[in-house]
Amino acid sequence: QVQLLESGGGLVQAGGSLRLSCAASLRFFSSVAMGWFRQAPGKEREFVATISWSGDTTRYADSVKGRFTISRDNAKNTVYLQMNNLKPDDTAVYLCAARGVSVPSRDSDEYTNWGQGTQVTVSS
């Protein structure tokens, strides 16, 4: 059974930083693309970042470009999201997701496995 476990969320002041981690119990983790999404109360889930199996290709939502960095360590079956210069609008539950293929995607429908999420709250 595939499990994705996010950690690293918390409360931070605007301008601060957090690093999210997602540990995957996924047999072929090093072969699949991974993504981060977020969902704020009353809003739809939105794409944040995605990374290819090798880490060579990354994509970001315009709202986080230049502030967030996605990376992965295939030896540890872990994907990360470094979040800098956080803003109150970044407040949301952040979810990790795995695709069944190596190519990254911005579309949440193309991800087959999801974690439970970790709460990020940014105060002004």
Side-chain angles (χ1 to χ4, degrees):
Q1 183 177 357
V2 175
Q3 285 189 323
L4 302 176
L5 183 61
E6 302 95 336
S7 62
L11 173 64
V12 64
Q13 288 188 331
S17 298
L18 284 173
R19 188 194 195 203
L20 305 184
S21 299
C22 173
S25 61
L26 181 62
R27 184 177 179 183
F28 300 107
F29 176 84
S30 61
S31 301
V32 301
M34 299 292 294
W36 284 98
F37 294 79
R38 66 187 182 186
Q39 188 162 17
K43 295 186 177 181
E44 293 189 354
R45 185 173 298 179
E46 67 170 347
F47 166 75
V48 175
T50 183
I51 188 168
S52 64
W53 69 275
S54 64
D56 288 347
T57 302
T58 57
R59 299 284 187 266
Y60 297 92
D62 288 344
S63 59
V64 307
K65 198 174 295 182
R67 300 188 297 123
F68 290 12
T69 302
I70 188 171
S71 62
R72 66 191 296 162
D73 185 339
N74 286 343
K76 296 182 178 180
N77 273 28
T78 302
V79 62
Y80 305 97
L81 186 68
Q82 177 66 43
M83 305 186 295
N84 298 329
N85 190 22
L86 283 160
K87 304 176 181 180
D89 284 348
D90 295 319
T91 295
V93 173
Y94 283 71
L95 303 110
C96 172
R99 290 199 73 192
V101 296
S102 62
V103 179
S105 172
R106 299 169 181 262
D107 187 348
S108 61
D109 290 339
E110 297 185 357
Y111 287 79
T112 54
N113 299 95
W114 292 82
Q116 293 297 311
T118 184
Q119 177 70 46
V120 171
T121 303
V122 184
S123 63
S124 57

Suppose the criterion is ring-ring contact (aromatic ring centres under 6.0 Å, His included): which pairs have a residue in residues 76-98, not counting sequence neighbours? none
Test side-chain contact (heavy atoms from CB on, under 4.5 Å) applied to [X] - qualifying residues, sequence neighbours left out:
X	value
Ser102	Trp53
Asn84	Ser17, Gln82
Thr112	none
Asp62	Lys65

Going by salt bridge (Lys or Arg N to Asp or Glu O under 4.0 Å), name the pairs with one or both residues in residues 113-124, residues two or more places apart or in two chains.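 Not a single pair qualifies under salt bridge (Lys or Arg N to Asp or Glu O under 4.0 Å).
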Taking all atoms of both residues into account, what is the closest heavy-atom pair of Phe68 and Arg38, and its distance?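 Shortest heavy-atom separation between Phe68 and Arg38 comes out as CE2-NH1, 4.1 Å.
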Heavy-atom pair with the smallest gap, counting every atom of Leu81 and Ala49: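 In terms of heavy atoms, the two residues are closest at CD1-CB, 4.2 Å.
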Steps toward side chain to side chain contact (heavy atoms under 4.5 Å, CB included) verdict (Ser108, Gln39): CA-CA 12 Å; Ser108 61; Gln39 188 162 17; over 6 Å; no
Among Leu18, Leu11, Asp90, find the one that has a side chain to side chain contact (heavy atoms under 4.5 Å, CB included) with Val122.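 The residue from Leu18, Leu11, Asp90 that satisfies side chain to side chain contact (heavy atoms under 4.5 Å, CB included) with Val122 turns out to be Asp90.
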Provide the full list of disulfide bond (SG atoms under 2.5 Å apart) pairs with a residue in residues 29-81, sequence neighbours left out, each pair given once.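 Sorted result for residues 29-81: empty, none.
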When you measure from the side chain of Gln13 to the backbone of Ser123, do you find a donor-acceptor pair of N or O atoms at a distance under 3.5 Å? no
Can any side-chain N or O of Arg72 pair as donor or acceptor with the backbone N or O of Gly55 at less than 3.5 Å?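 The answer is no, because no donor-acceptor pair under 3.5 Å joins these two groups.
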Distance-only check: which donor-acceptor pairs under 3.5 Å involve side-chain atoms of residues 19-35, not counting sequence neighbours?
| unit_1 | atom_1 | unit_2 | atom_2 | d |
| --- | --- | --- | --- | --- |
| Ser25 | OG | Gln3 | N | 2.9 |
| Ser25 | OG | Gln3 | O | 3.3 |

Quick one: list whatever passes salt bridge (charged side-chain N to carboxylate O under 4.0 Å, His left out) with Arg99, sequence neighbours left out.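 Testing Arg99 for salt bridge (charged side-chain N to carboxylate O under 4.0 Å, His left out), a comparison that skips the adjacent residues, returns Glu110.
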Any side-chain heavy-atom pair from Thr91 and Gln119 closer than 4.5 angstrom?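 Side chain of Thr91 against side chain of Gln119, heavy atoms only: contact under 4.5 Å found.
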Does the side chain of Glu6 come within less than 4.5 Å of Trp36's, by heavy atoms?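 A side-chain contact under 4.5 Å exists here.
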Full working for side chain to side chain contact (heavy atoms under 4.5 Å, CB included) between Cys96 and Val79: CA-CA 8 Å; Cys96 172; Val79 62; 3.8 Å; yes
Stepwise side chain to side chain contact (heavy atoms under 4.5 Å, CB included) test for Met83 and Val12: CA-CA 11 Å; Met83 305 186 295; Val12 64; over 6 Å; no
Checking one residue: Leu95. Which other hydrophobic residues are in its cluster under the side-chain 4.5 Å linking rule?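 Besides Leu95, the hydrophobic cluster comprises Phe37, Phe47, Val93, Tyr111, Trp114, listed by chain and residue number.
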By the rule that ILVMFWY residues connect when side-chain heavy atoms come within less than 4.5 angstrom, directly or transitively, which residues belong alongside Leu5? none
With a cut-off of 6.0 Å (strictly less than), are more than 12 heavy atoms of other residues, nucleotides or ligands near CD of Gln116?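 Incorrect, the count does not exceed 12.
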If the condition is side-chain hydrogen bond (donor to acceptor under 3.5 Å, both in side chains), which residues does Ser71 pass it with, not counting sequence neighbours? none
